[in-house]
Structures are given as structure tokens and as C-alpha cells.
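Every chain is numbered from 1, with letters handed out A, B, ... down the list of sequences.
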Amino acid sequence: MDLYQQLILDHSKRPVNAGLREPFDAEVHHVNPTCGDEITLRVHVSGEGDERSIEDISYDSMGCSISVASASILAEEVTGRPLDEALNTWAAMRAMLTSKGEDPGDEELIGDGVALSGVAKYPARVKCALLSWMAFTDALQRSGISIPASEEGTR
Amino acid sequence: MPSADPRGPFTSAELARIRADFPILSRTVRDGQPLVYLDSGATSQKPSSVLQAERDWYERLNAAPHRGAHALSEEGTEAYESARETIASFIGARAHEVVFTKNATEAINLVAYAFSNAVAHGGGAHPEANEGVVDPGTFVLGPGDEVVVTEMEHHANLIPWQELCRRTGATLRWLEVTPEGRLDLSRLDEVVTARTKVLAFAHQSNVLGTVNPVAKLVARAREVGALTVLDACQSVPHLAVDVRELGVDFLAFSGHKMLGPMGIGALWGRAELLDAMPVFLTGGSMIETVTMEGATYAPVPQKFEAGVPNAAQAIGLAAACDYLNGLGMDRVAAHEHALTERLLAGLATRPWVRVVGPTDSTDRGGAVSFVVDGVHAHDVGQVLDAAGVAVRVGHHCAWPLHRKVRAAATTRASFAAYNTPEEVDALLAALDRVPQIFGLEVA
Ligand SMILES: Cc1ncc(COP(=O)(O)O)c(C=O)c1O
């Protein structure tokens with residue numbers, strides 16, 4: 001099945017940087033009410049102004065392989081990156097996931113995230129893949145970072 | 001060709017004829033594969049006769065029932081009321097005891113709001129209620145009173161009661177579920193007590209498939225003077241239901257789960273209770289007289305049917321009852337029972353699958369939920385879907401029950417009269433791809 005590429009199965013079985021850690025600036029809990037998938041996610045941002053970067057993303061994710069793999073890919077692609085790059089990655093992920101399969105994803109920007117491109121063809125599963133990313137942007141906002149409206153996404 | 005057992009499952013020839021009545025069953029999904037529809041617990045498919053009945057209403061009868069005196073309005077009113085008679089007799093009730101709602105959810109809310117409206121009116125019954133028959137305090141609820149539900153309820157039979165308790169100060173209590181997926185009745189007398197005003201429970205669980213012991217629960221409720229509300233969403237479509245035999249006070253069901261259209265459901269209630277109950281939704285069609293200061297209300301069932309009703313849907317639902325009567329509810333039940341046994345037997349040979357709910361088929365209907373340990377239900381469902389097999393995944397609107405059985409989500413197959421043994425086999429074959437795709441070690 002095109003949906004379950006080996007990369008997704010690997011991420012879902014051994015999620016990158018899983019677990020909740022200190023220190024953190026904000027912690028959020030998001031659920032997917034249709035299926036009960038849940039994630040608790042913390043972000044730790046370091047630096048000031050244009051120098052800010054994502055120091056750590058730690059999380060506890062309970063859900064299907066798509067939602068766990070997506071959280072793992074988030075941690076892998078975004079941790080340690082400058083804030084503006086992180087937001088570009090999010091924008092590229094979201095564009096791919098909401099493209100109904102038109103946008104194959106840009107590996108330069110989203111790395112292993114391209115493995116999730118198949119999800120876009122299954123509207124019921126897009127939410128699973130977006131869950132951790134929505135939690136991530138929510139946590140950023142709660143730590144005082146304003147995210148341009150076009151990049152906020154819908155909840 | 002084997003001849004039909006008058007009380008057994010449908011033969012393959014009968015099934016072929018039944019399936020031909022359901023246009024959607026001949027469509028294909030996911031690259032041309034036949035649709036294997038095992039999600040009738042969520043909503044059932046509709047036979048042509050139901051679709052035709054709805055169409056017929058709009059082509060020949062369409063007019064606002066109970067409004068106006070022209071020919072169409074008269075014929076339309078008659079068709080609408082005769083649909084009510086058909087549906088009432090399907091559940092052994094009298095027509096004026098059946099209130100049309102948009103679904104079971106609305107029917108349950110109608111009862112829950114009667115209680116809180118009674119409190120708001122400061123004393124119970126509707127002014128013109130048949131006092132003397134029903135104690136006007138029957139619907140008044142407050143601190144110290146209790147409402148009892150069960151842990152296996154669908155949110156539709158849980159949240160209206162949570163909210164009622166919040167509004168009135170009454171306390172919500174519940175009967176627990178055993179590890180086998182049955183109601184734990186060992187504490188029945190401690191949970192249902194003289195403080196209990198309402199006992200609301202499912203006839204058949206939409207997750208576990210468990211058929212609950214209605215007689216026992218009703219007997220206890222009567223002992224303590226509590227009203228009973230039965231959520232019959234998953235029983236009316238699947239077995240012969242007779243409201244008098246059940247002995248409950250209220251019963252709610254949805255048309256769309258019993259081969260009927262979406263947008264129509266019903267509340268049945270004992271006439272004297274419906275009479276005494278405060279109104280719920282108010283407006284046109286439910287009144288007797290109106291002045292600027294106030295109104296008096298029409299007799300039941302009209303007093304609970306505010307606004308122009310879903311007449312086409314009601315007529316469609318009556319056609320669904322006719323269709324089910326034509327099949328025979330005893331045979332429908334026997335057929336679904338055979339499918340359930342086949343599925344349970346198949347799952348039992350797969351040790352990597354855990355059934356959530358009774359694994360024996362006594363007092364058990366055709367909703368079979370299961371988990372594959374190590375694979376999330378969403379992923380199981382996706383593999384089945386890729387083979388054209390439609391099941392439901394998630395918590396099936398019974399989140400507390402899923403917490404209780406320690407599953408974030410389950411995969412549920414559920415049957416209707418049109419399902420075949422071959423479809424059960426197709427589900428099992430598709431399920432066998434799951435361990436390989438997700439790298440499970442299976443013995
Ligand atoms: C047991 C049970 N109760 C209540 C409901 C609610 O039905 P509806 O959504 O049609 O109101 C359902 C179905 O969803 C159900 O299975």
C-alpha cells in the first residue's frame with residue numbers, strides 16, 4: 001500500500017526524540033476527537049528576535065502510525081533549526097498534506113516528510129498527519145511567538 | 001438449491017435478491033473493487049423502495065402536513081400519519097405514542113429537556129396534563145435526585161443526561177461494564193435506588209454488541225419508581241422489538257440505521273407520560289390556541305413536533321419498515337447472528353486479534369469490535385479499506401467505554417440483512433494483510 005512506506009513504519013515504531021523533557025516554554029495537549037488520537041507536546045525556544053531557534057521538541061504521542069510518524073518527522077526536521085526555517089518547513093508540510101495529492105512535497109524543505117505525501121489522498125487521514133504540527137504551532141504561539149495567519153492553519 | 005429455513009439465515013439465492021434491492025451495493029470502490037459494506041451500525045444502506053417512497057412524496061404529495069385544507073395538503077397529511085402508523089406497529093406501539101424527531105439523539109434530548117423544563121416551570125407537568133394519571137412531580141429533578149446510565153452508552157445517551165444533571169443539580173451515576181463486555185449487575189441495587197429518577201441504557205451496545213437484560217433493569221427501575229429510557233438505535237434495526245414486551249417507558253431510535261432515510265427518527269413513550277411532559281421545541285404546528293401572552297398545546301404527538309416535519313423521510317422510514325417486515329425480523333436477526341458467529345469464529349483463530357465485547361454469541365448482536373495489538377485501529381481500517389472493505393474505526397462515539405476497555409480506538413464491523421458470509425471472509429482475508437504490512441510477529 002502506497003500509504004505505508006517503510007520510512008513511515010520506521011518512524012512510527014521508533015519515533016525520534018520521543019518523550020517529554022525539561023526545560024520547555026510551553027506544553028500543549030491536542031486530540032483528534034474523531035478517533036481519539038492524542039499528543040502532548042512541549043517546545044523549547046532559545047535565542048532572541050531573529051536569532052531564535054527551536055532548541056527542543058519533546059512529545060508523548062498516542063495514535064495511529066501516521067500520527068506518530070508525523071510527530072517523529074516533526075522532531076527530526078525541526079529540532080535545532082532557526083525559527084523561520086521551522087515555519088517554512090511547517091508551511092511546506094501543510095501545503096503538501098492539504099493538496100489532495102497534487103503536491104508531492106519538497107524533500108529539501110521537509111526531508112522525511114515526503115513519505116507522508118500519500119496521506120493527502122485520504123482526507124480522513126490528513127488530520128492524523130497534521131495533529132502534531134498543529135500542536136507544534138499552538139505551542140509556539142503559547143510561548144509568545146506570533147505566527148503569520150497564513151501559516152497558522154485551521155483547527 | 002437449498003430451500004429457506006423459515007427461521008434461519010437467508011440462503012444465497014435470497015441474499016442475491018435482497019442485494020439487488022440496494023443500488024449502492026453494486027458500486028465499486030478503490031480501483032474497481034466490489035464494495036464490502038460492514039458499517040451498517042453507523043448507517044445502513046437503503047433499498048430502492050425507500051428511495052422511491054421519498055421520491056414519490058415529492059412527485060405526488062408534497063405539501064405541508066397539518067397545514068392547509070387543499071387536496072395535496074390533505075393527501076400529504078394522510079400519508080404522513082399513515083407512515084406514523086406503520087412505524088408504530090413495527091415496534092408494537094400505538095400511533096399517537098410515536099413522536100417523529102430527526103434522529104435518536106434528538107429523541108433522547110427531548111426526554112432530557114422535559115425534565116429540566118419541568119423544573120423551570122416550577123412544578124412539573126404541562127398545565128393541561130392528565131393529572132391524576134401521572135404524578136406532576138414525575139419530571140421534576142433536583143439536588144439529591146439521581147440519573148443512572150451505563151458505561152457502554154453512546155455519547156447520544158450520555159451527554160444529554162450529563163447536561164441535565166448539570167442544569168438541575170441532580171447526580172449522574174452509572175452501571176459498570178465487566179471485562180467480558182457485559183453490564184455488571186452485581187451492584188444494580190446499590191446504583192439504582194429510591195433516589196433514581198431515570199434509568200437510561202442501550203438495548204444493544206453499538207461497540208460491544210452486547211444485548212442488555214432489559215427485563216432485569218426495568219424490574220429494578222419499577223421497584224424504585226424510576227422512569228426507563230431505552231436507546232434502541234442498535235436493536236430496532238436488527239431484532240423484533242415490541243415496546244409493550246420490553247416494559248420500558250421511553251424508547252428512541254434512528255431511521256437511517258434501519259434501511260430508512262437520514263433525518264428521521266422517533267421517540268416512543270407511554271401516552272400518559274408524553275401527555276404529562278412539558279414541551280421541548282416550540283413554534284408552529286404544535287399549538288392548540290395562541291394569544292400574545294401564551295399558548296396551549298396540541299395533544300401528543302403533535303405537541304412535540306414543532307415546525308414543518310420531515311415528511312418525505314417519515315414516509316421513507318415507513319417503506320423501510322415494510323421492507324424489513326417483508327424480510328421478517330426474525331430472519332433478519334437469525335441471519336445477522338450467523339454472520340456474527342462466522343466472524344467471531346474467524347477472529348478466534350487469529351491470536352493477534354482481541355475482540356472487545358462478548359466472544360460468545362448469546363445475547364449478542366452483530367457489532368463486532370476488535371483491536372490488533374500493536375497496530376492502531378486507523379491503520380487496520382486503512383488496510384481493510386484498500387481491499388474495499390468498509391468498517392468503522394475510532395471510539396464510535398463511546399469514548400468512556402474505550403477508556404474502560406483500555407483501547408484508544410477499535411475497528412468495528414457491523415452487519416445488516418444484506419451482508420453475506422463471503423463478505424465476512426473478505427474482511428478476514430483483508431485483515432490477514434495487517435501483520436505483514438506492519439511487521440507483527442504472528443504465531
Ligand atoms: C447505540 C446508539 N445510540 C445512539 C446513536 C445516535 O444515533 P443518531 O446519530 O442517529 O442520533 C447511535 C448511532 O450513532 C447508536 O449506535
- prompt: With a 4.5 angstrom heavy-atom cut-off, which part of B/Arg392 approaches chain A: side chain, backbone, both or neither?
  reply: neither
- request: Look at atom CZ of B/Phe22 and say whether more than 12 heavy atoms of other residues, nucleotides or ligands are closer to it than 6.0 Å.
  value: yes
message: For A/Lys127, is the NZ atom crowded, meaning more than 12 foreign heavy atoms sit under 6.0 Å from it?
response: no
query: Mind checking whether B/His376 and A/Asp37 have side chains closer than 4.5 Å, heavy atoms only?
result: yes
message: Is it the case that over 12 heavy atoms from other parts of the model lie below 6.0 angstrom from the CG atom of A/Asp50?
response: no
query: Just how far is it from atom SG of A/Cys128 to atom NE2 of B/His378, taken to the nearest 0.5 Å?
result: 4.5 Å
field: Student check: side-chain heavy atoms of A/Arg125 and B/Asp379 closer than 4.5 Å
entry: yes
field: Over 12 foreign heavy atoms within 6.0 Å of CH2, B/Trp399
entry: yes
message: Please classify the contact of B/Val380 with chain A as side chain, backbone, both or neither, using a heavy-atom distance under 4.5 Å.
response: neither
task: Please say whether more than 12 non-hydrogen atoms of neighbouring residues, nucleotides or ligands are located less than 6.0 Å from NZ in A/Lys100.
output: no
- prompt: Looking at A/Leu9 and B/Ile437, what are the two nearest heavy atoms and their distance?
  reply: CD1-O, 3.2 Å
